[in-house]
Number of protein chains: 2
Amino acid sequence: MPATLKDVAREAGVNISTASRALNNAFGINVDTRKHVIKVAARLNYRPNQVARGLVTGRSNSLGLLISDIRNPFFAELARGAEDAAFNAGCDLVLCNSDQNAEKQMRYVEFLLAKRVGGIVMNSVTPLDEDQQDRLRAAGVPIVLLNVSSADRHSPAWRFSSVVADNLYGGEIAAKYLIGLGHKNIVHIAGPRTHGAFSDRASAFLKVFRENGLPKPRVVFGEHTFGAAYQSTKQLLGTDRNITAIFAGNDVIAFGCMRALMESGIRIPEDVSILGFDNVEMTQITSPPLTTIDQPKYETGKAAVEILLNMISKDGVREPEHRIIGVHLIERQSCRKISGAAVQDRRTAKR
Amino acid sequence: MPATLKDVAREAGVNISTASRALNNAFGINVDTRKHVIKVAARLNYRPNQVARGLVTGRSNSLGLLISDIRNPFFAELARGAEDAAFNAGCDLVLCNSDQNAEKQMRYVEFLLAKRVGGIVMNSVTPLDEDQQDRLRAAGVPIVLLNVSSADRHSPAWRFSSVVADNLYGGEIAAKYLIGLGHKNIVHIAGPRTHGAFSDRASAFLKVFRENGLPKPRVVFGEHTFGAAYQSTKQLLGTDRNITAIFAGNDVIAFGCMRALMESGIRIPEDVSILGFDNVEMTQITSPPLTTIDQPKYETGKAAVEILLNMISKDGVREPEHRIIGVHLIERQSCRKISGAAVQDRRTAKR
DNA sequence: TGGTCTATTGCAAACGTTTTCGATTATCTG
DNA sequence: CAGATAATCGAAAACGTTTGCAATAGACCA
C-alpha cells in the first residue's frame, strides 16, 4: 500500500538506483535531480522500507532489551536510559520480559536472533547453563550483560561485555554505615543467590564484618520482589525479634521489609533501621523516606547500548568492554544511630 | 554469518523451495524429506531470517508500543501486559517513549511505519494536530489508543480503536466517596487538561458536585509526575490551608501530594485525606497505604494488543473496536471520615 | 500399453532496497 | 578539434525468503 522506491523513481522519471542515491544523499548525483526526487518522494509520502533495507545491508538497526520484568522500577528506569540512547542512534528497542526463566529467556534470544537484531543487552545470563551460554557466544551478535558478578567478569572464559554498578563497593558502604551507627544485630535480606549483583553486595557486606572481627550477620536469600521480601521478613520476625537493622538487597526488597515491619507494629527507624539499594524514585515517598545506596540506573541503560553500538560499529571482533557505574550512600530517615547497650536493654527487657 | 536456507537446501540435497516448505510444515511434501531437512537445519543451527520473511510476506510480526514514559509505573504494568500478549502471538514489541511531545511522537510513528510494524498501540494522540492525525489514519496501519476521552471515542470522525478504563465512573466513585466521608473543602489535583483520562475523571468528578448542588471543588491541572504534583501541592498549601481532602488524578500525583504534605507537617489522613487513582503496586507501601481506585493495567495492555492482532488478522478494513475496563475503589488508610464542623474548627482556629 | 491422476519436487519470480560496474554524456585540456 | 577525464546515471545482481506454476515420476485404471 505505501509508496515504494520504484514508484518514486517512475514518477520522477529516473532510474530506481538514482532515486535511492538521491534520497540517501550519496555523492555523484546532480543537485537538481536530487531535489526533484526528494520533492516527488515527499509528494508520494514515501518512506523507505526498513525491512527491505535491512535485508540488503544486513543491519536491522534494532536492538533487544531482555530483562526480567519491566514492572520492576529499577528496570523501568534502566530501560528508559537504553531506549533514549538507542533512539538517538536511530535504532529501536524491542522489549522482552524473561522473568529470569531460563527457557523463556532462551526463547527470547532465539527470537531476537531470528529478527537479526544488531545486539542484545541482557539482564543476566546466570539462569543459562554452559551449553546455552556457548550458543549465545556462537551467535556472533554483540551482547552486553547487566548485573554480572565481579567474579564472572574477571573469569578468562567470560566473553561478554558488561555494565554494572559497583556492587562490591556498595556492599562495603552498607556494612560500614550500619556498623558506624552502632548496630550489632543486623540481617541482610538479599535477592537470589545466583544473581551477580546480589551476591556481590552480600559478599562485600560480609567481608567487612569478617575483616573487623565482628559477628557475621545473618543473610537470607530469596526473590527480589515485594512479596517475597515481605514473607521473608515476617518469617524472620517470628524467630528473632532482636534485630536492630536490615540491609535490603534492593529498594523493592526494602519496601517489602517495611511493610512487614509496619504490620507487626515495629517502628522504623526507632525499632529497626532499614537500608536499601538502588535509590528508586519511590524511596522518597515512603515514610520514613528510605536511606539507600544510589545506583545510576538511567546511566546504566544508556551505557549498555552505547557499548553495544560501539561493538556493532567495530563489527563484532573486539575485546569485551566492562564499565562500572559508581554508587553512593543517600542518607534519609530510615536508619538511626543506636547507643548500643541502651537499646539492647529496652528490647531484651521487653521479652 | 548464520546459516541460510540455501545452505540447508544444498546440504540436504534438495531445492531451496522444498526446504522452505519442509520447515514451514506445509502440505504436499514427503514426510521423509521433511524429516531429513529438519535434521539438517538443526545441525546447521539454522534459524529463518525474519527480515527476509517479512519482506516477502509483507508482515513484520512486530508491534509498536508508544507511551509517554516507561518509568511511570502505570505504563510499566501496562507494557508488561502488552508484551506478554504480543509474545504469545509470536510478535515482538518495540518500546517508544514519547514524553507526550508531539514532534517526538510523530518521529516515532514514522519510525515504526518505516519498520512496517503490524500495528501500534499508542498512549494518546491528543498532542497531535488534525493534520498529523489524518496522516496517522492514512498510514493504513491498525492503531489502538489508550487514555482517550469518552468524548473523542464517540465522535463520528474518530476512526481509531481504543481501550480505556472507565474514567467517568472512576471520577464519580471518587466524588461520592469523598462526599460520603463528609469532606467539604476538596481539591482535585489532575494531570494535563488535554489528556483524555484525566479530563474524564475531572469532569465526572465535578459533575457529581454540580448535580448535588454542592460547591464546586477547585481543580488544578498539571503534569502527571511526582515533581509537578509536589510543586502544585506546595503552592496550594501556601494559599489555602483549609483543604480537607485531595483527589489526585493518579497515584503518582498522589505520591507527590503526600510528600509535600509530609514536608509541611500535615498528617495523612488526620489532617487531609488523599485519594489516588490507578492502584499502582507502590500504593501498598506508602504510609499510610493509599486509598485509590483500581484500574487493571496489565489487562489494559493485554486487551490493547489483542485488539491490534484482531484488526491485523481481519486485514485492516474494520470498524474500530472500543473496550472499556472496569474500575473499583480500594479502601486503605489515606482517607478518613470527618465530623465536619469539629475538624473545620480545629483548623481555622489554628491560623 | 497408454493415458490420466496425484503426490512430490524444482524453477523462477517477487518483495523493496543497496551497490557494483559499466555506459553515457559533458567538460576540460592541449 | 581530438582525446582524456570527470560527472552523472542506468542495468543488474544481490540480500533470504515465500509461493505460483510447471515438471517429473510413479500409481492406477481401462
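The chains referred to below are lettered A, B, ... by the order of the sequence lines, with proteins before strands, and numbering in each begins at 1.
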Worksheet item: 5' to 3' on DNA chain C, which nucleotides open and close the contacts with chain A (atom under 4.0 Å from a heavy atom)?
Response: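 Listing 5' to 3', DNA chain C meets chain A from C:dG16 to C:dT20.
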
Worksheet item: Residues from residues 8-20 of chain B sitting under 4.0 Å of DNA chain C, heavy atoms only?
Response: B:Val14, B:Asn15, B:Ser17, B:Thr18

Practice prompt. Name every residue in residues 40-58 of chain B that has at least one heavy atom under 4.0 Å from any atom of DNA chain C, in order of residue number, or write none if there are no such residues.
Written response: B:Leu55, B:Val56

Quick one: list whatever passes side chain to side chain contact (heavy atoms under 4.5 Å, CB included) with [X], sequence neighbours left out.
| X | value |
| --- | --- |
| B:Ala89 | B:Leu309 |
| B:Ala85 | B:Lys302, B:Val305 |
| B:Asn88 | none |
| B:Lys6 | B:Thr4, B:Ile16 |

Fill in: Pairs where residues 51-83 of chain A contributes a residue and the test ring-ring contact (aromatic ring centres under 6.0 Å, His included) is met, not counting sequence neighbours
none

Fill in: Any residue meeting ring-ring contact (aromatic ring centres under 6.0 Å, His included) with B:Phe87, in chain and number order, not counting sequence neighbours
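Partners of B:Phe87 by the ring-ring contact (aromatic ring centres under 6.0 Å, His included) criterion, ordered by chain and then number, come out as A:Tyr108, A:Phe111.
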
If you look only at distance, which donor and acceptor atoms sit under 3.5 Å apart when one is on a side chain in residues 36-43 of chain B and the other is two or more places apart or in another chain?
none

Worksheet item: Among all residues two or more places apart in sequence or in another chain, which pass the side chain to side chain donor-acceptor pair (under 3.5 Å) test with A:Asn30?
Response: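 Once residues adjacent in sequence are excluded, A:Asn30 has no partner under the side chain to side chain donor-acceptor pair (under 3.5 Å) criterion.
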
Distances for protein N/O vs nucleotides 24-28 of chain D N/O pairs under 3.5 angstrom?
none

